[in-house]
Amino acid sequence: MALAQPKTDALEARLAAMQMPEGGWSALARQQALARLRKMGLPTRRDEYWKFTRPDTLVQPDAPRAALFHNDEAPLFGDMDRLKIVFVDGVFDPQASDDLALDGVTIDRLAAVQARDAHWAQGLYGTLESRGQSPVERPLAALNTAFATDGVLIHVTATPSRPISLVYHHSDTGSDAILHHVIRVENGAEVTILENGPAAARFNKCIEIDLADEARLHHVRAQGRDHKRRAATHIFARLGRESVFKSFTLTMNGVLTRNEVVLELTGDDAIAHVAGACVGDGDFHHDDTVFITHDAVGCESRQVFKKVLRNGATGVFQGKILVKAGAQKTDGYQISQSLLLDEDSQFLAKPELEIYADDVACSHGSTSGAIDETALFYLCSRGVPRGEATDLLTLAFLAEAVDEIADEALKAEIVSRLEGWLVRHRT
Amino acid sequence: MLEIKNLHVKLEEEDKAILKGVNLSVGPGTVHAIMGPNGSGKSTLSYVLSGRDGYVVTEGSASLEGQELLGLEPEERAAMGLFLAFQYPVEIPGVGNMTFLRTAVNAQRKARGQDEVSAAEFLKLVRQKAKELQIDAEMLKRPVNVGFSGGEKKRNEILQMAMLEPKMCILDETDSGLDVDAMKLVSDGVNALRDAGRSFLVITHYQRLLDHIRPDIVHIMADGRIVKTGGPDLALEVERNGYADILAEVA
Ligand SMILES: Nc1ncnc2c1ncn2[C@@H]1O[C@H](COP(=O)(O)OP(=O)(O)OP(=O)(O)O)[C@@H](O)[C@H]1O
Ligand SMILES: [Mg+2]
């Protein structure tokens, strides 16, 4: 079916302002992504999948301006032994980055290698994104594949000694960045990927992850705190037999964030955990959209999303577990909860289960609540001031999501940032 | 220590009077017991004194060591030395018992202008007091009161009291749900804290607790008032005959 005229117009207006990078091996994938995009058009607020989140500012030709967030805290993950790769407004910063050499891993920058005739990432770039376009369209991801200016291609053949840390600085208030990463983890290898920072006034980021049998990937990210920044991110991952994928996202501030996670469990006994904790005060809209497909026997998936909202902040959760015929012994768990610190804030949730196998255990729950006044009084009656007591209860609410981070040092780092945010946002 | 004068309290949500002129004076170093039928207002009195929301004081006053209580926040009252052992201790999932205790102790010290206790010093103290109350170390690591039995919750209240060393301790039915041995343990914990500078207000339905924690004075509360005050014998009378005679006599 042809697109309606307004959709075509909106798409062409956006495309007019963009230029597809010259690409050797990536050229075909980019062209195909553009063709996909032309069929879909950009999202509009009338699309069912964008019912709770207005995509206007994510699709319009220019990025709305975003002031920079200044803080005097030490940089996140700063004390960790890690391989650092820095982008400023989506542009690679060689001075601030480490040498891209790490035992067991090859790391290339997309922009540096895309003119070559061949690359190991060729079979993956745009492939997982393309698979993730059905049954639900994700036009911003197709846009990303077609127009990404850079990104990193990480091939893990043996477990490296330290995490790979992607740092996204934001320095230009009007910057519009599109990055696309590809990660392939080979049989039995294990890697930790860290991401942090606002990246740009508007950030479109896509990661495609391919986990071979028994491969393991840990992902911890913290999105930047610039109040007016916008981000649309996608993670597409395919999980092989007995592979493990664990991802945690911390979001503090940001006028608009849409994080989509699209996972396909294709090998038996694979495990996927995705979790998120967000805290928003005022002009804050955060959307977690997750789609997990079980297509193998004995797999486990777990979604834990917690949102703390105040002063008119909005949280959205759209989470789906699809269990295909034959995906017996599936264990699927999904929970999405919000803590509303006042009556102006809102939480919109659409949890979905679609099951075509008969021997499965799936559960989902979504709740929205206020601070427990009885617990608050109990704490205060022991001498804990109201603000501190509220913070304790708020952190307790977030704990189930934060506890998904297996590494204790990383978890402590994330908790300390949350504590800092709560102290700064006390009433 | 604690002076309550003509205290009238109604519910915030509905126009229902609960306390209808309570007068009570607890001197330093003394133990007072309050008994009375269900629904007479004993817990309400303890909540109003500790600053819980949902009640409106329509008349009267309450003070601790001469300082007016009723306008203050719950945490301010706690820092002044008021402590309530809850009739129904609250479960707080996600907040560790140790974190809670240390936060409370340090918050009170800070409010009084004292230095925080060091983590090591704190740990040593908690371990020792927990041991005395036969609370095992595993329980301290769990979230506050979550999965605790009724008796364990009550012992945990006394542990908090022992750590916070308040001046005025209100115990609301701390004996309910305790087995005979636990009752002895809790009473020993309370008795260990008795001294000239510390007073207790013990709310109970049963003489048994008062066998262990010997009160100086016993009050009977009915329909929002203290209707009779006497010595320890008054509790024995209640145990033998119930409230009917006493209520008939004051009616
Ligand atoms: N928040 C409230 N909402 C409605 N009624 C209340 C509330 N708080 C207290 N009451 C009522 O006030 C009266 C006194 O209650 P309170 O709990 O103080 O009694 P008590 O003497 O402690 O009883 P018990 O011996 O059963 O513990 C009861 O009738 C109770 O139902
Ligand atoms: Mg009561």
Side-chain angles (χ1 to χ4, degrees), chain A residues 248 275-277 279 304-308 335-339 341-343 365 367 369-405 408 411-412 414-416 418-420 422-423 426-427, chain B residues 12 46-55 72-112 114 143-146 153 156-157 159-161 163-166 169-170 172:
Chain A
F248 172 85
V279 288
V304 182
F305 287 88
K306 300 269 187 161
K307 296 176 166 59
V308 175
I335 186 143
S336 65
Q337 296 182 311
S338 74
L339 176 63
L341 294 178
D342 54 49
E343 283 167 9
T367 63
I371 283 279
D372 178 349
E373 285 295 330
T374 309
L376 193 62
F377 172 63
Y378 190 70
L379 293 172
C380 294
S381 79
R382 297 309 184 236
V384 183
R386 194 180 171 91
E388 213 173 315
T390 305
D391 289 359
L392 271 177
L393 294 175
T394 305
L395 285 171
F397 165 78
L398 292 169
E400 189 186 356
V402 177
D403 285 345
E404 290 288 320
I405 305 171
E408 288 299 327
K411 186 163 109 180
I414 295 295
V415 169
S416 79
L418 279 167
E419 284 170 346
L422 290 171
V423 169
R426 270 187 199 156
T427 34
Chain B
E12 195 175 67
S46 71
Y47 286 145
V48 170
L49 290 174
S50 43
R52 186 177 190 145
D53 284 343
Y55 305 99
L72 302 178
E73 296 299 327
E75 60 267 28
E76 293 172 318
R77 304 181 197 206
M80 281 164 63
L82 185 72
F83 181 90
L84 167 63
F86 282 55
Q87 180 172 0
Y88 304 107
V90 181
E91 296 187 9
I92 312 184
V95 178
N97 220 358
M98 276 298 215
T99 311
F100 163 56
L101 267 176
R102 204 177 58 236
T103 309
V105 168
N106 283 331
Q108 291 204 14
R109 293 183 67 92
K110 199 172 147 196
R112 295 191 209 110
Q114 299 163 325
V144 179
N145 292 327
V146 176
K153 285 180 183 166
N156 199 25
E157 294 291 287
L159 174 64
Q160 292 168 32
M161 186 167 90
M163 290 300 298
L164 293 168
E165 301 184 326
C169 311
I170 306 174
D172 191 358

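Quick note on labels: first sequence line is chain A, next is B, and so on, each numbered from 1. Reckoned from all heavy atoms, side chains included, excluding hydrogens, waters and symmetry mates.
Here Cys380(A) is the residue among Cys380(A), Ala389(A), Ala399(A), Ala375(A) with the most heavy-atom pairs under 4.5 Å with chain B. Heavy-atom pairs under 4.5 Å with chain B peak, among Leu392(A), Leu376(A), Leu395(A), at Leu392(A). Counting heavy-atom pairs closer than 4.5 Å to chain A, the top-ranked of the candidates Pro74(B), Pro143(B), Gly54(B), Pro93(B) is Pro74(B).
Neither the backbone nor the side chain of Val105(B) comes within less than 4.5 Å of any heavy atom in chain A. Looking at Leu379(A), both its backbone and its side chain come within 4.5 Å of chain B, counting heavy atoms on both sides.
Across all non-hydrogen atoms, the minimal contact from Leu393(A) to Val95(B) is CD2-CG2, 4.4 Å.
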All inter-chain donor-acceptor pairs under 3.5 Å (chain A, chain B):
unit_1, atom_1, unit_2, atom_2, d
Tyr378(A), OH, Asn145(B), ND2, 3.3
Tyr378(A), OH, Glu157(B), OE2, 2.3
Tyr378(A), OH, Gln160(B), NE2, 3.1
Cys380(A), O, Glu75(B), N, 3.4
Arg382(A), O, Gln108(B), NE2, 3.0
Arg382(A), NE, Gln160(B), OE1, 2.5
Arg382(A), NH1, Leu84(B), O, 2.7
Arg382(A), NH2, Leu84(B), O, 2.9
Arg382(A), NH2, Glu157(B), OE1, 2.7
Arg382(A), NH2, Gln160(B), OE1, 3.4
Arg386(A), N, Glu75(B), OE2, 3.2

